[in-house]
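One structure below.
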Amino acid sequence: MKNREVAAILARIADMLEIKGDNPYKIRAYRQAAESIYRLDEDITTLYEKGWLRNIPGIGDAVEAKIGEILKTGSCAYYDRLMEEIPDGLLDILAIPGLGHKSVKMLYDNLKIETLDELEKACQEGKVRNLPGLGVRREKKIIQGINEIKQRGDKINLGIALPLAQELLDYLQKSPLIENASLTGSVRRGKALVGDIDLLLASDVPQAVYQHIKAFPAVSQTDYLEPDLVKGRLGREIEFEAIIVSPPDFYHSLLWTTGSKEHRQRIFTRFDRRDFTGLNSEAEIYSRLGMDFIAPELRENIGEIEAAVAGSLPQLVNEADIKGDLHVHSNWSDGSERIQDLAAAARSRGYEYMAITDHSRSLAISGGLSLERLQAQGKLIDAINDETDGFHIFKGSEVDILKTGELDFPDPVLKDLDVVIASVHSHFKLEPGQQTERIIEAAKNEHVDIIGHLTGRLLSRRSGYEIAVDDIIEVCARCDTALEINSHPDRLDIDGNIARKAKARGVKVAINSDAHHKKDLDLIKYGVITARRGWLEAKDILNTLSRDEL
DNA sequence: GCCGTTTTCGGCCCGACTGTTTTCAGTCG
């Protein structure tokens, strides 16, 4: 928890410096420090006390001192001073697509705009269009951006919510006051975006449980609302609800609170949930209802109840089924670690293989590989493989799909690679037909194995590009091209719905971490959750195959 | 603000698109 808080403060410092127009390299230094700390495996307090922070790349004298201050006081003077200088709301405005720090500052300087609402009003009144460099079209785009932000509401990424929820759950499970505890609600169902964190606790002493929840360090605020409900906040902005029930009511309450609402309504039509008091698992309840146990990820009333009655539910894929990672970036492009170190980390996860798939030459900002460097990387991988038993590194590329649908490397080069992922990283706003055709062209290439992050969505930030998904799936089915579930919690792309369509057409799915750091290999769990939400089984997944089969 | 098998000062991933311009600044990936 501390690590995330420190990283968040440093990242906000970077944002505020950016609005101030400070030295861009200094800003980047803060961003990098924040990033390093966010990814840290070890507890930052311990590292600080041992004086080891300086060994972390991107942390020098200044940041180390500020971290010390944050750890002792919860904040630091530099940050507080910036907070006084820069209104909070400007950071929200910075989130509008197409508005960068320069525009945010100009709006603030000229029109005193400090919040999204003020900006919306100014746009509607036509005040923004007259500022230098802005115009009617950008004014429209800003309104559109604000609408999108408002529509999304305050949903949180599963990648943020789940670790926080798990920390609180682990803490509560250790308490003798609590007989049973589980995550519940949309976090338990594995939705990519969730409104809040829900926990279900079984206890006969709810008052004492309330006090115990309050004592958890990351809990910032709590209300004891009803005899069985505690509401509060984790960290600065994430709300949670803890529902406390008596132990015999635990499992029917778990089924009830897990939802979804539509699933629950159908399950309990002919029964009262109290009819199931005293049962010892959800499986027993489902069994009494005459159906198989339904995994939480499937509980969306999209056919799972019928399948459970018929005994035809899928045997959902598990993280343990994954035998390797097919999308990993090294420090040859925009990853931060050596191939050897990534391989060691993958191996220690129990994988049999991984593919190094650095960016191709067009993606200059991400250090895309030239043909020469790709060859050199191949030689290095051969050398590492020669020295290694029981683990294999595949040579690969995440090759850019260019505007025309052509690929960024010529066929003879792709032919020599083991794993080719083709992805879109540019021209997001093409007309739908052209965008679809572009991806279809790539999927048809005989050397392309996988289409990466198909829709290009960035959760809470950017909608996917407009494409005819069904048409692309058809081509993938015909050309034996797989689709990726990109496990990064910001992407989870393709989602469960598309994954299910892919499965129906016999298109294989690769669950990839898209790791840029060895710790990112752990993100695969979000991809597995997404695959489960798409009803996928181990046999539907490319990287559940052994190295030889693959 | 960080970093150093060219370095303790002077560098620090680049290129394209957009909307505004009439030659470019800002933004993005």
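All of these numbers come straight from a predicted model, not from anything done at the bench.
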Give a yes-or-no answer on whether the side chains of A:Asp408 and A:Ser362 include a donor-acceptor pair shorter than 3.5 Å. yes
Expressed as a whole number of Å, how far does the P atom of B:dC9 sit from that of B:dA16? 37 Å
OP1 or OP2 of B:dT27 under 4.0 Å from side-chain N/O of A:Ser103: yes
Can you tell me how far C1' of B:dG26 sits from NZ of A:Lys105, to the nearest Å? 15 Å
Mind calculating the distance between CH2 (A:Trp332) and C1' (B:dC13) to the nearest angstrom? 17 Å
On the side chain of A:Asn23, is there an atom forming a donor-acceptor pair with the base of B:dG1 - under 3.5 Å, no angle test? yes
Between B:dG29 atom P and A:Leu402 atom CG, what is the distance in whole Å? 18 Å
Per A:Lys26 side chain, nearest of listed nucleotides B:dG15, B:dG29, B:dG1: B:dG1
Output the rounded distance in Å from CD (A:Gln144) to C1' (B:dT18). 14 Å
Counting the atoms with a prime plus P, OP1 and OP2 as sugar-phosphate, which does A:Pro132 contact under 4.0 Å by heavy atoms, base, sugar-phosphate, or nothing? nothing
Is the closest side-chain donor-acceptor distance between A:Asn543 and A:Asp325 under 3.5 Å? no
May I ask you to say what A:Leu134 touches in the nucleic acid, namely base, sugar-phosphate or nothing, with a heavy-atom cut-off under 4.0 Å? sugar-phosphate
Select from A:Arg28 and A:Tyr78 the residue whose nearest nucleotide in DNA chain B is closer to the 5' end of that strand. A:Tyr78
Below 4.0 angstrom from OP1 or OP2 of B:dC2, is there any side-chain N or O of A:Arg54? no
Phosphate-side-chain proximity, A:Arg138 and B:dT18, N/O vs OP1/OP2 below 4.0 Å: no
Rounded C1' spacing from B:dT23 to B:dC17 in Å: 16 Å
Between B:dT27 and B:dT20, how far apart are the two C1' atoms, rounded to whole Å? 13 Å
Roughly how many Å apart are B:dT5 and B:dC13, using the P atom of each and rounding to a whole number? 15 Å
For A:His453 and A:His425, I'd like to know if the aromatic rings sit close, meaning centre-to-centre distance below 6.0 Å. yes
For B:dG19 and A:Lys140 - does any side-chain N or O of the residue sit under 4.0 Å from the phosphate oxygens OP1/OP2? no
Please work out if A:Lys66 contacts a base, only the sugar-phosphate, or nothing of the nucleic acid, heavy-atom cut-off 4.0 Å. sugar-phosphate
Would you kindly give the NZ-to-P distance between A:Lys429 and B:dT18, to the nearest whole Å? 10 Å
Which is true for A:Leu363 with a 4.0 Å heavy-atom rule: it touches a base, it touches only sugar-phosphate, or it touches nothing? nothing
Nearest-neighbour nucleotide for the A:His425 side chain, B:dT20, B:dG15, B:dG29 considered: B:dG29
Return no unless some side-chain N or O of A:His427 is found under 4.0 Å from OP1 or OP2 of B:dC17. yes
What contact category does A:Pro24 fall into here, base, sugar-phosphate, or nothing, at under 4.0 angstrom with non-hydrogen atoms? nothing
Both distances below 3.5 Å, Watson-Crick or wobble geometry, any strand: find the nucleotide opposite B:dT8. none
Checking side-chain polar atoms at under 3.5 Å, does A:Tyr48 have a donor or acceptor matched by the opposite partner on A:Lys2? no
Is it true that A:Tyr38 and A:Arg4 share a donor-acceptor pair across their side chains at a distance under 3.5 Å? no
Looking only at side chains, do A:Asp400 and A:His359 share a donor and an acceptor under 3.5 Å apart? no
Among B:dG26, B:dG29, B:dG1, which is the nearest nucleotide to the side chain of A:Phe428? B:dG29
Using atom C1' in both nucleotides, what's the gap between B:dT22 and B:dG15 to the nearest angstrom? 22 Å
So, is A:Tyr25 near the phosphate of B:dG1, with a side-chain N or O under 4.0 Å from OP1 or OP2? no
Considering only the C1' atoms, how many Å lie between B:dG26 and B:dT21, rounded to the nearest integer? 12 Å
Protein-nucleotide distance (A:His359, atom NE2; B:dC14, atom C1'), rounded to Å: 14 Å
One should read off an interatomic distance between A:Ile511 CD1 and A:Asn486 CG, to the nearest 0.5 angstrom, of 11.5 Å
Whole-Å distance separating the NE2 atom of A:His101 from the P atom of B:dA25: 14 Å
Whether A:Asp490 and A:Arg457 form a salt bridge (side-chain N of Lys/Arg under 4.0 Å from carboxylate O of Asp/Glu) is what I want to check. no
How do A:Pro57 and A:Lys403 order along DNA chain B: which one's closest nucleotide is nearer the 5' end? A:Pro57
When the distance from NZ of A:Lys141 to C1' of B:dT20 is rounded to whole Å, what number comes out? 13 Å
Heavy atoms only, 4.0 Å cut-off, all strands: where does A:Asp334 land among base, sugar-phosphate and nothing? nothing
Base, sugar-phosphate alone, or nothing: which one does A:Val424 contact when heavy atoms must sit under 4.0 Å apart? nothing
